[in-house]
Number of protein chains: 2
Amino acid sequence: MPPGQAALADHASPADQLQARLLDHTLRVLLRDGYQRFSMNAVAASAKASKETLYRHFGDKAGLLHAALERLAALIEPLLRDGLDDAPTSPARLRRLGRNYLHGCYLPEAIALQRIAIADGEQGLGPLFVREITERAIGFVEAEFAGLGSEHPRADAEAFLGMIQGKLHERIMLGTVLPDLDRRLDEQIDQALRVMAPYLTGLAENPRP
Amino acid sequence: MPPGQAALADHASPADQLQARLLDHTLRVLLRDGYQRFSMNAVAASAKASKETLYRHFGDKAGLLHAALERLAALIEPLLRDGLDDAPTSPARLRRLGRNYLHGCYLPEAIALQRIAIADGEQGLGPLFVREITERAIGFVEAEFAGLGSEHPRADAEAFLGMIQGKLHERIMLGTVLPDLDRRLDEQIDQALRVMAPYLTGLAENPRP
DNA sequence: ACCGTCCCGTACCGTACGGTACGGCTTGAC
DNA sequence: GTCAAGCCGTACCGTACGGTACGGGACGGT
C-alpha cells in the first residue's frame, strides 16, 4: 500500500479502496482550490481517474460532495473522543473536549467542506453537515453538562460550544488569515472557561437533586 | 455638484440614486436566488438595467459585491445603536445590544451576503465583511463590558457574541430551516445571559479598581 | 481462451456565465 | 437646436464546467 494514503479498513474491497481514494482527492482538491475552482475535472485529474468513474460511483457532483462529507465526519468522530475514555466528568474534561472539538472543526478539510456546505444550503449539504458533525458534537458536550449537574444541559452545551468558537469561527470562515491557529484555539477555550467559571462553580455547589 | 464621492445625504445625485437602486437589486437577487444562481444577468434583469451600466458603475462582479456589502454595512450600523442612546450601562442594556446585533446579523440579506463572503474568501470579500460588520459590532460590545468593569472587555465581548450566536448561527448558515427565528433569537440571548449571570454578578460586586 | 466488468483517456455536447460591443433612445447642458 | 453622456436592449464572444459517449486496455471468473 502506498504510504500517506488513509485507508480506513484493512480488508476493503477494491471498489471501496477506489472510492476512498477518490474521496481523499476530493477533499484535497477542495482544500487546494477552494470552492470556486472546485470541479469534477480537477478531482478526476488529481486522482488520475476518469470522470466516468466519478459519475459511476457518486452519481453527480452533489453525490460526490455528499460522500466526501460523510467521509470527513467519519474521520472527525474519533478526534472528538480522543483522550476522554477514562477521565471522570469534570471541568478539566470539558477543556479537553473543547480542544478536541475545535481541532476537528478547524481541520483544513473541515473548513473547506463547511464553506461549501454554507455556500449551497439548498443542496442539502448544509443540513447533512449539521446532522453528521454539529449535532454529534453537541450531543457529546450535552452529556458532559448533564454529568456536571446542569439543569439545561443542551442549552449549556450550545452556549459552551458557541463561546469557544466565538468570533474566531467567523473569522476563519471569512478567510481572515490566522497564523498560530493552535495557540488561538487554546486562548479561546481559556477565555470561555474564565467567563463560565462562576457558573460551573455554581453547578458544583448546588448539584441538581 | 461635481461628481465627487458618493454621499449618503437625502439629496443624492441621479448617479448615486441609480447606484443605490442597483445595489438594492443586487441584495434582492442574492436573497432570492442564493449564491449559486447569482449572476450579473440576474441583477441587470431584476433592476431593469443593462449589464453595461452595472459594469460602468462597479467595474466587475467582485466590485458589485464589494459595494453591496458596504451598503449592507451602512444599513446595519444604525440597527446596532437602536434604542441604546439613553440607556445607562447595565446587563439589561447588554440584552438590548445582543438583540440588536442578532437582528442585524440575521437579516435575510445579511445572511445571503455572509454566505457569499464565506464561499469566496479569496476575493477579499470575507475580510471586508469582518472589517465592516464583525469588528464594528465587537467594538460596541467591548465598550459595554468595559463600562461594566470587566478586566478583559474585548475577550468578554467576543465570548458574549459567540454565545448569543451559539449553534444557531451555524444552523442558519448551513441552511437548516428556521421557523420562528425571532423567538429563537430571544431564547438564545436568554440562555447566554443565564450562563453569564454569575460572571456578571461577580463584575458588579468586584468592580475594577 | 473467452467474456463481462471496470477503468482510463479523450473527445464531445449543451449550457451558463462574465464581460464587451453596438445601435438607438432619453436627458440635460450650452 | 445641437451635442455629448448616460442608459437600455440585445446580441455576441470566449471560456469553463457538468455530464455523456466511445474506444481501448487490464483483470478476474468460467
Side-chain angles (χ1 to χ4, degrees), chain A residues 1-2 5 11-26 28-30 32-69 112 115-116 119-120 122-125, chain B residues 1-4 6 11-26 28-30 32-69 112 115-116 119-120 122-125:
Chain A
M1 174 178 303
Q5 287 297 336
H11 308 292
S13 74
D16 289 341
Q17 286 182 6
L18 175 62
Q19 285 201 10
R21 193 170 65 89
L22 294 176
L23 293 179
D24 281 343
H25 281 276
T26 301
R28 185 179 312 177
V29 169
L30 210 48
R32 188 194 61 199
D33 296 351
Y35 179 38
Q36 303 299 333
R37 323 211 184 294
F38 176 81
S39 72
M40 300 297 270
N41 275 315
V43 175
S46 168
K48 292 198 198 353
S50 131
K51 280 208 291 179
E52 194 180 356
T53 304
L54 282 179
Y55 283 98
R56 184 196 318 278
H57 283 278
F58 303 106
D60 59 4
K61 191 183 183 184
L64 177 63
L65 291 172
H66 188 104
L69 175 55
R115 285 218 179 98
I116 264 204
D120 57 5
E122 87 280 0
Q123 290 285 43
L125 209 58
Chain B
M1 173 186 296
H11 308 295
S13 73
D16 289 340
Q17 287 181 3
L18 175 61
Q19 285 200 10
R21 193 170 65 89
L22 294 175
L23 292 179
D24 282 343
H25 281 275
T26 300
R28 185 179 311 178
V29 168
L30 211 46
R32 188 195 60 198
D33 296 352
Y35 179 36
Q36 304 299 333
R37 323 210 185 297
F38 175 82
S39 71
M40 301 296 271
N41 276 315
V43 175
S46 168
K48 292 197 200 347
S50 129
K51 281 208 290 180
E52 192 179 357
T53 304
L54 282 180
Y55 283 97
R56 183 194 319 278
H57 282 278
F58 303 106
D60 59 4
K61 191 183 182 182
L64 177 63
L65 291 173
H66 188 104
L69 176 54
R115 285 220 177 97
I116 264 205
D120 57 7
E122 87 280 0
Q123 291 285 41
L125 208 59

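Chain naming here is simple, since letters A, B, ... match the order of the sequence lines and numbering starts at 1 in each.
Using modelled atom types, no side-chain atom of B:T53 and backbone atom of B:A49 make a donor-acceptor pair closer than 3.5 Å. Formation of a donor-acceptor pair under 3.5 Å by the B:H25 side chain with backbone atoms of B:S46 is found in this model.
Checking the phosphate oxygens (OP1, OP2) of C:dC6, no side-chain nitrogen or oxygen of A:T53 falls inside 4.0 Å. Contact annotation: B:H57 reaches the phosphate of D:dC7 (side-chain N/O to OP1 or OP2, under 4.0 Å).
A:D33 approaches A:F38 most closely through the heavy-atom pair CB-N, 4.5 Å. A pairwise comparison of heavy atoms in B:A47 and B:L22 identifies CB-CD2, 3.9 Å as the closest pair. Of all the heavy atoms in B:M40 and B:L54, the pair that sits closest is O-CD1, 3.6 Å. Here the closest heavy-atom approach between residue B:V43 and residue B:V29 is recorded as CA-CG2, 4.0 Å.
Taking the side-chain hydrogen bond (donor to acceptor under 3.5 Å, both in side chains) definition, one finds that B:S50 meets it with nothing, sequence neighbours left out. Under the salt bridge (Lys or Arg N to Asp or Glu O under 4.0 Å) criterion, A:D60 pairs with no residue, sequence neighbours left out. B:R32 pairs by the salt bridge (Lys or Arg N to Asp or Glu O under 4.0 Å) definition with nothing, not counting sequence neighbours.
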Provide a list of protein-nucleic acid N or O atom pairs under 3.5 angstrom, restricted to nucleotides 24-26 of chain D.
none

(Q) Treating primed atoms plus P, OP1 and OP2 as sugar-phosphate and everything else as base, which nucleotides of nucleotides 9-28 of chain C get B, S or - for protein heavy atoms under 4.0 Å? (A) B-------SBBB-B------

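The end-to-end axis angle of the helix from C:dA1-D:dT30 to C:dC30-D:dG1, rounded to 10 degrees and based on five pairs per end, is 10°.
Atom CG in B:L18 sits about 9 Å away from atom C1' in D:dG6, given to the nearest Å.
Between A:L18 and A:R21 there is a side-chain heavy-atom pair separated by less than 4.5 Å.
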